[in-house]
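What follows is a set of notes on a single structure, which appears directly below.
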Protein chains: 2
Amino acid sequence: MRRGRIGRIARHARVKQPQPGQLRFRFHASNQTGSAYGHALTQVKISAAEAALIQQVPCGACLIRHRAVCAACEADDLHELELAKYYRRFEPGQMVAHAGERMDFVGSVVSGVAGLTQTLEDGRTQMVGMLLPSDFLGRPGRDSSPYDVTALSDLLLCCFRRRPFEELLRSRPRVSARLLEMTLDDLDAARDWLLLLGRKSARERIASFLAVLVRRAAMLGQATGAGPIVIDLPLTREAIADYLGLTLETVSRQISALRREGVIVLEGTRRVIVPDFRRLVTESGDDADGGLPG
Amino acid sequence: MRRGRIGRIARHARVKQPQPGQLRFRFHASNQTGSAYGHALTQVKISAAEAALIQQVPCGACLIRHRAVCAACEADDLHELELAKYYRRFEPGQMVAHAGERMDFVGSVVSGVAGLTQTLEDGRTQMVGMLLPSDFLGRPGRDSSPYDVTALSDLLLCCFRRRPFEELLRSRPRVSARLLEMTLDDLDAARDWLLLLGRKSARERIASFLAVLVRRAAMLGQATGAGPIVIDLPLTREAIADYLGLTLETVSRQISALRREGVIVLEGTRRVIVPDFRRLVTESGDDADGGLPG
DNA sequence: CGGGCTCTTGATGGCAGTCAACTCAGGTGG
DNA sequence: CCACCTGAGTTGACTGCCATCAAGAGCCCG
């Protein structure tokens with residue numbers, strides 16, 4: 001047995017099922033949009049009245065409109081989507097779906113981060129997917145998720161019931177093609193991750209991870225272009241460790257090492273400043289520039 | 001730096017481009033299936049005239065007809081496919097495509113094994129995909145492969161030029177849907193592999209790998225059902241190591257260990273007999289039965 | 001101030017990587 | 001026929017990276 005600890009399962013599990021009523025503050029602190037479904041799920045003492053007020057953004061004004069599956073929809077189709085879609089909101093640590101259990105919806109991440117996780121019997125866990133805004137969640141043609149799906153931060157999903165969505169795929173070839181394209185991209189990303197998990201050192205993994213976050217932030221238009229880049233880690237050290245196939249101690253040590261050597265600057269524990277993106281990429285072990293000129 | 005050696009690159013590279021005509025004996029030695037494909041495959045030193053003669057099996061009689069992308073084609077469509085398809089054959093170690101270079105065809109593996117490989121600058125390599133019969137190769141909508149594609153054994157591909165195939169996808173929604181389904185399966189498989197590379201011990205990796213081969217052999221109808229299962233490893237120890245994120249020495253040691261303990265029986269160096277599939281699965285660390293009651 | 005968490009840092013040990021020698025089989029050429 | 005070569009695979013000795021165990025720091029919040 002190797003990597004991934006057993007001793008902390010209890011603690012981990014505790015995180016994943018937060019006490020009701022305990023997290024209210026965090027809602028307010030970091031939540032921008034609301035949703036009726038979020039209410040139904042999270043049940044943290046929001047009144048029905050409050051819940052009803054949660055607005056859905058019109059598709060035309062949606063931040064991920066041009067990156068998600070729905071990017072393939074014509075303006076005409078948007079109206080149809082508008083009627084079918086519904087929002088769901090999750091708190092950090094909350095389960096969106098359990099491995100093997102029924103999951104009869106699909107959706108896109110509007111904001112926040114979700115993680116797909118696999119766990120071995122003895123408790124070793126590996127994150128096998130990190131869904132950022134515009135990423136697609138769920139599998140048409142299958143009624144259960146093979147993975148645990150967890151909200152890693154405050155999470156807002158734009159959902160569709162699975163059956164109608166499958167129908168949409170059949171009737172709109174362009175949506176189907178878009179989903180295929182996105183799935184192929186996911187596959188490429190997963191294969192890059194295989195290289196990371198199979199061959200990279202702890203230090204390289206951390207650097208690669210940060211580089212991925214920087215690139216995604218750039219794609220979503222949160223980038224500064226040139227000069228130092230600032231990103232906020234949406235994950236705890238433990239979640240990062242699960243993603244990178246390391247332990248949280250090793251993650252912490254390597255982040256500290258990168259900080260000591262000036263590759264990154266930390267502001268608090270979650271905010272990372274990258275003075276020189278190229279330097280970071282060098283540390284990641286990849287062959288140089290993967291976009292974002294820095 | 002960690003795992004994956006640099007010292008043997010030269011040797012590795014040599015293997016990947018074998019001398020023409022050199023491999024004849026091994027072809028004969030390791031080929032059991034007497035199918036038309038097996039035959040066509042084992043040819044070495046074919047003249048141009050011979051090459052032209054390579055017979056194409058009619059789609060209706062194709063062994064992978066019901067598992068590959070083309071499974072979604074109606075009987076009517078087969079005729080059209082028949083006209084567009086062409087076979088390509090590769091020897092073990094031969095490159096099918098180089099990372100980053102132009103690749104203007106897609107195809108299905110008819111027989112043999114192909115590997116997708118990623119390599120870091122310093123020579124560490126990781127196999128990120130193993131294509132067995134009926135698996136799809138290539139990416140519609142992109143004109144180069146991001147990975148090296150190598151024949152790991154004698155390999156027969158059923159190919160289509162990329163443009164016409166993309167047209168086929170547009171005109172036949174069922175084929176498109178089939179490709180989406182296959183891609184989603186690939187993604188799931190890649191995610192299982194992430195768990196393996198991120199969290200499993202060397203021993204568990206070997207056992208998992210063997211279990212995968214057993215299941216695939218069963219799917220392709222080469223399985224015995226109950227009783228001891230016999231599989232022939234289509235990969236060298238080095239290729240297995242590249243796939244499992246280990247070194248070839250570790251692969252060798254763990255295979256020996258499993259043999260010593262009776263989990264497997266070796267016949268020569270490439271043939272593996274599995275007396276008790278359930279035992280193997282236990283060693284793989286996965287939560288029990290993933291099909292094939294054994 | 002005390003109780004949880006998250007995160008950091010230190011000490012130690014184990015698994016797999018590294019280096020190296022050897023076996024074995026097939027193929028080649030004298 | 002035998003010496004020799006080459007490439008695949010096995011095994012042993014040693015090393016090093018990262019997991020493990022442990023303690024403490026920093027922070028939020030009640």
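Chain letters run A, B, ... following the sequence lines, proteins first and then strands; every chain starts at 1.
- In this entry the distance linking CG of B/L246 with C1' of C/dC15 reads 11 Å, nearest Å.
- Note on B/R270: a side-chain N or O is less than 4.0 Å away from OP1 or OP2 of D/dG9.
- Residues B/S284 and B/R203 have side chains that never bring a donor and an acceptor to within less than 3.5 angstrom of each other.
- Side-chain to base pairing of A/R260 with C/dT9: no donor and acceptor N or O lie closer than 3.5 Å to each other.
- For the pair B/R205 CZ and C/dG17 C1', the computed distance is 12 Å after rounding to whole Å.
- Across all strands, A/R203 comes closer than 4.0 Å to no nucleic acid atom at all (heavy-atom distances).
- At whole-Å resolution of the value, CZ in A/R199 and C1' in D/dC17 are 15 Å apart.
- Under a 3.5 Å cut-off, the side chain of B/R199 and the backbone N or O of A/L246 do form a donor-acceptor pair.
- Atom-to-atom, CD1 of B/I206 to C1' of D/dG9 comes out at 13 Å; the value is rounded to the nearest Å.
- Phosphate contact (OP1/OP2 of C/dT8, side-chain N/O of A/R237, threshold under 4.0 Å): present.
- Rounded to whole Å, the distance from CG on B/L266 to P on D/dA8 is 18 Å.
- Between the side chains of A/E249 and A/S252, no donor N or O sits under 3.5 Å from an acceptor N or O.
- For B/T250, the side-chain atoms get nearest to C/dG17 when compared with the rest of D/dA19, C/dC7, C/dG17.
- The residues A/D242 and A/R124 are annotated as not salt-bridged, no charged nitrogen and carboxylate oxygen being separated by less than 4.0 angstrom.
- Residue contacts for B/S252: at a heavy-atom cut-off of 4.0 Å it reaches a base atom on one of the strands shown.
- None of B/K200, B/R205, B/R278 except one satisfies the salt bridge (charged side-chain N to carboxylate O under 4.0 Å, His left out) rule with B/D286; the exception is B/K200.
- The CD atom of A/E249 sits 14 Å away from the P atom of C/dG10 (whole-angstrom rounding).
- For B/R253 and C/dG17, a side-chain-to-base donor-acceptor distance below 3.5 Å is absent, hydrogens and geometry of angles not being considered.
- Separating the CG atom of B/L258 from the P atom of D/dT10 is a distance of 12 Å, rounded to the nearest angstrom.
- We find that CG of B/L244 is positioned 12 Å from P of C/dA16, with the value rounded to whole Å.
- For B/T269, no side-chain nitrogen or oxygen approaches OP1 or OP2 of C/dC24 to under 4.0 Å.
- Residue B/T247 places none of its side-chain N or O atoms closer than 4.0 Å to OP1 or OP2 of C/dA16.
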